[in-house]
Protein chains: 2
Amino acid sequence: MEEQKKRILLVEDDPNFGTVLKDYLMMNDYEVTHAKNGMEGFEKFKKDDFDLCILDVMMPYKDGFTLAKEIREKNTDVPIIFLTAKTMKEDVLKGYKVGADDYLNKPFDSEVLLMKIKAIIQRKATETISDSKQFEFKIGSFDLNSKLRFLRFKGGEPVKLSPKENELLRLLALHENDLMPRELALTKIWRDDNYFTSRSMDVYIAKLRKYLKLDEKVEILNIHGEGFRLVINN
Amino acid sequence: MEEQKKRILLVEDDPNFGTVLKDYLMMNDYEVTHAKNGMEGFEKFKKDDFDLCILDVMMPYKDGFTLAKEIREKNTDVPIIFLTAKTMKEDVLKGYKVGADDYLNKPFDSEVLLMKIKAIIQRKATETISDSKQFEFKIGSFDLNSKLRFLRFKGGEPVKLSPKENELLRLLALHENDLMPRELALTKIWRDDNYFTSRSMDVYIAKLRKYLKLDEKVEILNIHGEGFRLVINN
DNA sequence: TCCCCTTTTAACCTTACATTAACAAAAATG
DNA sequence: CATTTTTGTTAATGTAAGGTTAAAAGGGGA
């Protein structure tokens, strides 16, 4: 059985270290694309599909965090590992905020890196089975295209959705008729969970409800203290 | 409202460090059970449901790995974080083998630990989302969906249940036709057992009876001084 | 720079929930 | 049978969560 090699985007400005790491990963059966800085990293990211990104934090022109943010705008799912200078606590916290999956302090042990890579790719694989790759939804009489970010009612004129509107409606649609926990949306979309992000989410729920009013069979119900539920009656 | 606190089992033999860590976690809104060694840790694990285990690796009598293995035999899902001595690489690798979700080198930064805890619990939550079925009960002519918190009579309009109503009815349903001890509900749902919580529970029993009146075959009987019994006659 | 689009923050209001109180009824106790 | 405990039920209260709208704050082009 031909296992497809996993593809890693490695963004690391130190040429020596970068090359060594790349070779090491390739020896361990990963397909590695090595970019020398943030710009290049983003270009390569856009061109290809990767299973994992390993980003150095300290880089000229465009640091790892900025790059990660750009990557996240394009793709909310791809796992990201940061390579941070030793015990830069702020870096670690900032990393998690941007949506990192893990971090590694330099200098690090290569075997540990391998373990992490395996664990993370594995984790994403099971997590992603259901919810990735799905960009088109039927919601009552609506069609949602979450890749192009529009919502269309009965084949009429599509209305454009903002990124957050879109992500939120997509999450709801993924859980159609089922509970979509508040926390899930907050951590997946807002990447933070506090009073204000929570209120912000409520505002977006209101916006979505306004859009969805056109079809009285479709509604977003609240489950007090838990989250929301997109139901389609018939 | 009533956001249920996440429960952490902390197994750490150093009394000073353990206590400090416990307090710190509690300050951050976790419910923490602290065990002083592997044995005690396992006992406590068996007695309760936890959302996360934090295990020190170096402990007398029973080290963290052995404990983790035992825990894994009982429960394949609960996330485990190891606290390892600084850069003991073997420990890290061994930890992953045993099925750890993450590890932290001592000394570690407490904020980083918090981030990890949040990330890990969140991750598990999304993974575990789909194993419903254990949330659906048939009670006479009623359907109880305790995940979506509604009760439906003969396929009619579902009526929403409050968290406490829901939990209580679920507990009763789990013990259908059998005694559901007062104390059980109080410790599991109210997590406290005193005069007032007990009265509060009685209030909820009254509410449930009102809902269930629609089906005269279903009733909640009191067993004086013992608890309640959900019976379905036919 | 200004403008437009998006997102957050704020304010105010409504609803949902849990607890407590108060009083009635049943059951146990002796 | 009188008294104490336990349970049944309804209503009042306080607080937290959610609904809604508008204004402020960012942020990326033209």
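Model, not experiment: these values are computed from the prediction. Lettering follows sequence order; numbering is per chain, from 1.
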Quick one: [X] [atom1] to [N] [atom2], roughly how many Å, whole number?
X	N	atom1	atom2	result
B/Y204	C/dT20	OH	P	11 Å
B/F196	D/dT6	CZ	P	15 Å
B/N166	C/dC17	CG	P	10 Å
B/L208	D/dG8	CG	P	12 Å
A/L212	D/dG19	CG	C1'	16 Å
B/W190	C/dA18	CH2	P	8 Å
A/I223	D/dA17	CD1	P	16 Å
B/N194	C/dT19	CG	P	10 Å

For [N], does OP1 or OP2 lie under 4.0 Å from any side-chain N or O of [X]?
X	N	result
A/S162	C/dT7	yes
A/R199	C/dT8	no
B/R149	C/dC17	yes

Quiz item: Centroid-to-centroid, A/F65 to A/F82, below 6.0 Å?
Solution: yes
Exercise. Using atom types as modelled and distance alone, determine if a side-chain donor or acceptor of B/R170 lies under 3.5 Å from a backbone N or O of B/K147.
Key: no
Would you classify [X] as touching base, sugar-phosphate or nothing, given that sugar-phosphate means primed atoms plus P, OP1 and OP2, and contacts are heavy atoms under 4.0 Å?
X	result
A/K210	sugar-phosphate
B/S200	base
A/Y195	nothing

Quiz prompt | Nearest-0.5 Å distance that lies between atom CG in B/L212 and atom CD1 in B/I139 | solution = 6.5 Å
Looking at [options], which one has an atom nearest to any side-chain atom of [X]?
X	options	answer
B/H224	C/dC17, D/dT7, D/dA22	D/dT7
A/K164	D/dA17, C/dA18, C/dT8	C/dT8
A/K207	D/dT20, C/dT7, D/dG8	C/dT7
B/N222	C/dA18, C/dA16, D/dG8	D/dG8

Practice problem: Report the residue (A/S198 or A/A206) whose heavy-atom-nearest nucleotide on DNA chain D is the more 5′ of the two. | Solution: A/S198
Quiz item: Does any donor-acceptor pair link the side chain of A/R182 with the base of D/dG18 at a separation under 3.5 Å?
Solution: no
Quiz item: Given A/D143 and A/L151, is the side chain to side chain contact (heavy atoms under 4.5 Å, CB included) satisfied, shown in steps?
Solution: CA-CA 6 Å; A/D143 292 311; A/L151 182 67; over 6 Å; no
Self-check item: Parallel, tilted or perpendicular: rings of A/F50 and A/F45 (30°, 60°)
Solution: parallel
